[in-house]
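For reference, positions follow the sequence shown, starting with 1. Each ligand, and each atom within it, is numbered from 1 in the order the structure gives. Keep in mind the model is a prediction, meaning the values are calculated, not measured.
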Amino acid sequence: MYLDDLLLVADELARAGWAEANAGNVSVRLPDEALAELPLGPGGPWTPLARPVPELAGEHMLVTARGCQMRLVSRRPQRDCGVLELSGDGAAWRVRWGLEGTTPTSELPSHLLSHAVRKARSGGAERVILHTHPPALIALCHVRAWDTRSLNQLLWSLHPEGVCLFPGALAYLPFAIPGSVEIAEQTCAAFAEHAMVLWEYHGVFASAPTADAAFGMVQAAEKAAVIYRDACAMGGVRRGLSPAQIRQVAASLGITPAPGILGEEDGSHAV
Ligand code: 13P
Ligand code: ZN
């Protein structure tokens, strides 16, 4: 089931136009019952981690392969994804299934450190982390110097789904080198408060209980950015949902928006 969900979301990411060439990667922290569904092997040699993750000791992670193309993952799952077992001290991994002739995604440090944080923050509910390159959100990074507050004030004001689908806000992180321990540590720090992060000029990193939920969060944020782009093309944003309206939408669904985003001002924008 978890493998099927990963293959479906890989197709979906490609169809959405967010996965040029080898863009994006997915990881799933597998529950014990899922392990019986996969033909796990005895395991190859252990590979040490630059940043150990004792919080994930003994866990099994389904991950996409470095360099794989999302549109092709469902055709050759044994090559384009695989199951990693983390050692008893969380300091190394070995392959138990798949990744035939390939290695795990270059963003493995970000995935592992982020799973460690979100596992604790969600009481174990969040199992899927998805990274992708949605073009309108990336374009937004080039428009002005955002911070988490100004970015979410804008995104939530454009469409009522925003505050409903990412009430924890999309954290804005300054540019860091893809695949680096630095981007992993920044993401992990942001994930203490937020379930979704925008990597400046690069893409989105989102954590949720299921692949569908993670995809939906990214879709809602990207949709708001597309609405902003279209409104700008129509002459610019003149109005938008006011903070009071955003609060009313959230309250109607029993949702609490992340603190520190909504001010008292009306719906006009600085951009
Ligand atoms: P991988 O092919 O190594 O997963 O990298 C893709 C990517 O988007 C890096 O940020
Ligand atoms: Zn990327």
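Rounding to the nearest 10°, we obtain 100° for the angle at the Zn ion (ligand 2) between H131 NE2 and H133 NE2.
The only member of E59, E85, E55 that meets salt bridge (charged side-chain N to carboxylate O under 4.0 Å, His left out) when paired with R29 is E59.
Ring pair H202/F175: centre-to-centre distance not below 6.0 Å.
Sorted by chain and number, the heavy-atom contacts of ligand 1 below 4.0 Å come from N22, A23, G24, N25, R66, G67, T105, S106, E107, H131, H133, H202.
In this structure, Y172 and D147 have side chains that are not in contact, with every pair of non-hydrogen atoms separated by 4.5 Å or more.
In summary, the side chains of D89 and S87 do present a donor paired with an acceptor at a separation below 3.5 Å, with no hydrogens or angles considered.
With respect to the Zn ion (ligand 2), H202 has NE2 as its nearest N, O or S atom.
Using a 4.0 Å cut-off between a side-chain N of Lys or Arg and a carboxylate O of Asp or Glu, R76 and E100 do not qualify as a salt bridge.
F215 and W18 have parallel rings, their planes meeting at less than 30° on a 0 to 90° scale where 60° marks the start of perpendicular.
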**Request:** Would you please test R51 and E185 for salt bridge (charged side-chain N to carboxylate O under 4.0 Å, His left out) and show each step?
**Result:** CA-CA 9 Å; R51 262 288 257 106; E185 285 175 344; 2.9 Å; yes
